[in-house]
Number of protein chains: 2
Amino acid sequence: MRSRTNQVSGVAEMLVLRCLSEREMYGYELVQAVRELSNGELDMRESLLYPLLHGLMADGCLGRKATVANGRQRLYYRLTAKGRRRLEAMIEEWRGMVKAVNRVIG
Amino acid sequence: MRSRTNQVSGVAEMLVLRCLSEREMYGYELVQAVRELSNGELDMRESLLYPLLHGLMADGCLGRKATVANGRQRLYYRLTAKGRRRLEAMIEEWRGMVKAVNRVIG
DNA sequence: TGACCATACCTCTGGCGGAAAGGTATTACA
DNA sequence: TGTAATACCTTTCCGCCAGAGGTATGGTCA
């Protein structure tokens with residue numbers, strides 16, 4: 001299937017970008033944020049999240065800041081301008097795809 | 001990502017089952033039906049469709065009837081009871097997933 | 001004290017959905 | 001006669017994502 005580009009899935013990336021558009025977050029926090037915001041319906045795996053974060057960094061969509069809290073390392077990620085643009089594009093894509101699928105299933 | 005089972009994607013299968021829930025159709029017809037019903041937004045590739053149809057047959061979700069029209073072979077597929085149950089489950093799954101994602105993106 | 005869970009980062013492997021590309025045969029039409 | 005549409009199909013490859021596991025620190029409870 002192809003909606004327009006490629007994003008029938010790729011939902012995970014959109015959700016990460018969306019969470020970070022509100023405020024900086026670190027990885028472990030993102031996993032829980034997605035779970036809580038979706039009322040436990042969505043389960044972001046760390047094996048998906050971390051490669052995703054690294055990829056988005058490499059693409060210039062995210063920046064990162066290292067801190068320490070309670071003796072534990074924390075890597076806070078924040079959206080760049082490019083990341084924000086990508087988020088907007090993905091949300092638009094998402095809404096279009098959902099609308100199209102809903103038209104078919106009635 | 002995981003919504004509940006695995007169907008963040010798998011949208012193609014749902015759409016095929018949905019089309020066939022209205023009436024029997026053959027493969028080539030399904031490609032166009034999805035395109036037209038979605039106003040050209042969704043593009044079902046044949047390389048995805050045919051393996052999908054064969055898999056659904058093997059799973060007992062579809063039955064098939066061979067005919068000839070205008071000298072061309074046509075293989076009409078129809079939903080079995082099992083296929084109908086699967087369709088209902090997938091639609092429910094789909095709606096839940098969309099709702100969950102929309103909660104996150106707001 | 002030692003066991004165990006939560007926090008916090010990460011990697012490797014492999015399956016499967018799906019895109020790209022191409023193949024075969026018949027009919028319709030310019 | 002050659003090109004497009006109809007109608008079926010396969011092979012190849014990539015990226016998303018789950019499963020499983022690994023490392024280290026801090027807090028809690030027996």
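Hydrogens, waters and symmetry mates play no part in the numbers below; they use all other heavy atoms, side chains included. Letters A, B, ... mirror the listed sequences (proteins, then strands); counts begin at 1.
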Starting at [atom1] of [X] and ending at [atom2] of [N], how long is that distance when rounded to a whole Å?
X	N	atom1	atom2	value
A/Leu53	C/dT11	CG	C1'	14 Å
B/Met14	C/dG18	CE	P	11 Å
A/Leu48	D/dA20	CG	P	16 Å
A/Leu49	D/dG21	CG	P	21 Å
B/Tyr50	D/dT11	OH	C1'	16 Å
B/Tyr28	C/dA25	OH	P	18 Å
B/Gln73	C/dT26	CD	P	11 Å
B/Arg74	D/dA5	CZ	P	17 Å

Under 4.0 Å, counting only non-hydrogen atoms across every strand here, what does A/Leu52 touch: a base, just sugar-phosphate, or nothing?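 No contact at all - A/Leu52 keeps every heavy atom at 4.0 Å or more from the nucleic acid.
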
Nearest-nucleotide 5' precedence on DNA chain C, B/Asn70 against A/Gln32: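 Its nearest nucleotide being more 5', the pick is A/Gln32.
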
Between B/Leu49 and B/Gly27, which heavy-atom pair has the shortest distance, and what is it? CD2-O, 3.3 Å

Taking all non-hydrogen atoms of both residues into account, name the closest pair between B/Leu62 and B/Thr80 and its distance.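 Taking every non-hydrogen atom into account, C-CG2, 3.8 Å.
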
Ion pair [X]/[Y], N-O distance below 4.0 Å:
X	Y	result
A/Arg74	A/Glu24	no
A/Glu29	A/Arg23	yes
B/Glu41	B/Arg35	no

Ignoring hydrogens and geometry beyond distance, is the side chain of B/Ser47 in donor-acceptor contact with the base of C/dG18 at under 3.5 Å?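 Under the 3.5 Å cut-off, the side chain and the base do not form any donor-acceptor pair.
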
Base of D/dC8 paired with side chain of B/Glu46 (donor-acceptor, under 3.5 Å):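 Check passes, donor-acceptor contact within cut-off.
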
From the list [options], which nucleotide is the closest neighbour of the side chain of [X]?
X	options	answer
A/Arg72	C/dC9, D/dG26, C/dG18	D/dG26
A/Arg45	D/dG19, C/dC10, C/dA8	D/dG19
B/Arg64	D/dC9, D/dA7, C/dC9	D/dC9

When you match B/Pro51 and B/Tyr26 each to their closest nucleotide on DNA chain D, which lands nearer the 5' end?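 Its nearest nucleotide being more 5', the pick is B/Tyr26.
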
Looking at A/His54, does any N or O in its side chain come under 4.0 Å of the phosphate oxygens OP1/OP2 on C/dC9?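 For A/His54, the contact criterion (side-chain N or O under 4.0 Å from OP1 or OP2 of C/dC9) is not met.
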
